[in-house]
Amino acid sequence: MSADPHAGPDAGTAAGLPHAHVAWVLRTLTALCVATSGAVHLYLWQDGMRNVDIVGPAFLVNGVGGLLLAVLLLMWTAIWPLLGSIGFGLATFGAFVVATSASGLFGVHSRWQGVPEWTSAITEVAAVLLASAAIWRERPGRL
C-alpha cells in the first residue's frame, strides 16, 4: 500500500526522504570534501611544500589522512569518521588561518589567494558543516 502523495513528509523524513538517505548524502558530500582537501594538500606537497621543514611533512600527512578519511566515511557507518572529519576540517582550516596571519605557521606565510588555497578552505569548512549535519541526521534525538 502506497502513502498518500498529498499527506506530506513523515516524521522520519526530511523533504520526503528517509533519514538514512539524507544521512548517506551528507556523509558522501563530507567524503568528497575531505578527499578534495587531501588531494589539494598532496598536490601542494608535490609542488614544493615537501621541501619545507615541519609544514611539508604535515601536508603529506594531511593529504593521505584526507583520502583515508574519505574511504572510512563511505565504508564505516560509525560516528567516528564523521567526528574525524570535523577535527580534520577544523585543524586544517585553522592551520591555514594561522599561516595567513602576520606571525605565520612555523615560518610559512600563506595568502588568501589561489585556486588550491580557496579550494581547501571551502572544502574544509564544508566538511565541518556537512559532517555535523550528518551526525545530527544519523542520531536524531541523541544529541
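Only heavy atoms go into these numbers, but all of them, side chains included; no hydrogens, no water, no symmetry mates.
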Query - Main-chain N/O of Val98 paired to Ser101 side chain as donor or acceptor, under 3.5 Å - result: yes
**Report entry** Pairs flagged by side-chain hydrogen bond (donor to acceptor under 3.5 Å, both in side chains) wherever residues 66-92 is involved - sequence neighbours left out
**Finding:** Asn62-Thr92
Report summary line: Rounded to the nearest 0.5 Å, the OG atom of Ser37 sits from the CG atom of Leu42 at a distance of 9.5 Å
**Report entry** Any donor-acceptor pair under 3.5 Å from Arg27 side chain to Leu73 backbone
**Finding:** yes
Query raised in the report: If you measure from NE2 on His21 to CG on Leu26, what distance do you get to the nearest 0.5 Å?
Result: 10.0 Å
Query raised in the report: How far apart are the closest heavy atoms of Ala35 and Ala70, and which atoms are they?
Result: CB-CB, 3.7 Å
Query raised in the report: Mind checking whether Val97 and Phe106 sit in one hydrophobic cluster, side chains of I, L, V, M, F, W, Y counted as touching below 4.5 Å?
Result: no
Query raised in the report: Cluster question for you: counting only ILVMFWY and a side-chain heavy-atom cut-off of under 4.5 Å, with indirect links fine, are Leu82 and Leu129 together?
Result: no
Query raised in the report: Donor-acceptor pair, Thr123 side chain versus Ser120 backbone, under 3.5 Å?
Result: yes
Requested in this report: Give every residue pair that meets the side-chain hydrogen bond (donor to acceptor under 3.5 Å, both in side chains) criterion with at least one member in residues 107-117, sequence neighbours excluded.
Outcome: Thr100-Trp112
**Report entry** Cluster check Leu72, Met75: I/L/V/M/F/W/Y, side chain < 4.5 angstrom
**Finding:** no
Report task. May I have all residue pairs that pass ring pair (Phe, Tyr, Trp, His ring centres under 6.0 Å) and include part of residues 28-52, sequence neighbours excluded? Result -> His41-Phe59
Query - Spacing of CZ belonging to Phe96 relative to CD belonging to Glu124, to within rounding of 0.5 Å - result: 8.5 Å
Report summary line: Tightest non-hydrogen contact, residues Ala131 and Ile86, listed as CB-CG1, 3.7 Å
Report task. List the steps and the verdict of side chain to side chain contact (heavy atoms under 4.5 Å, CB included) for Glu138 and Ile79. Result -> CA-CA 9 Å; Glu138 289 180 7; Ile79 193 171; 5.8 Å; no
Query raised in the report: Distance from Ile135 atom CD1 to Leu130 atom CG, nearest 0.5 Å?
Result: 11.5 Å
Query raised in the report: Side-chain heavy atoms under 4.5 angstrom apart, residues restricted to Ile, Leu, Val, Met, Phe, Trp, Tyr: same cluster for Leu90 and Trp118?
Result: no
**Report entry** Same cluster (ILVMFWY, side-chain, under 4.5 Å), Val115 and Val40
**Finding:** no
Query - Test item: Ile122 and Phe93 side chains (from C-beta on) under 4.5 Å apart, heavy atoms - result: no
Query raised in the report: For Val128 and Ser132, which heavy atoms make the closest approach, and how far apart are they?
Result: O-OG, 2.7 Å
Query raised in the report: Do the non-hydrogen side-chain atoms of Leu29 and Leu32 ever get within less than 4.5 Å of each other?
Result: yes
Report task. Could you check if a side-chain atom of Leu67 sits within less than 4.5 angstrom of a side-chain atom of Val71, using non-hydrogen atoms only? Result -> no
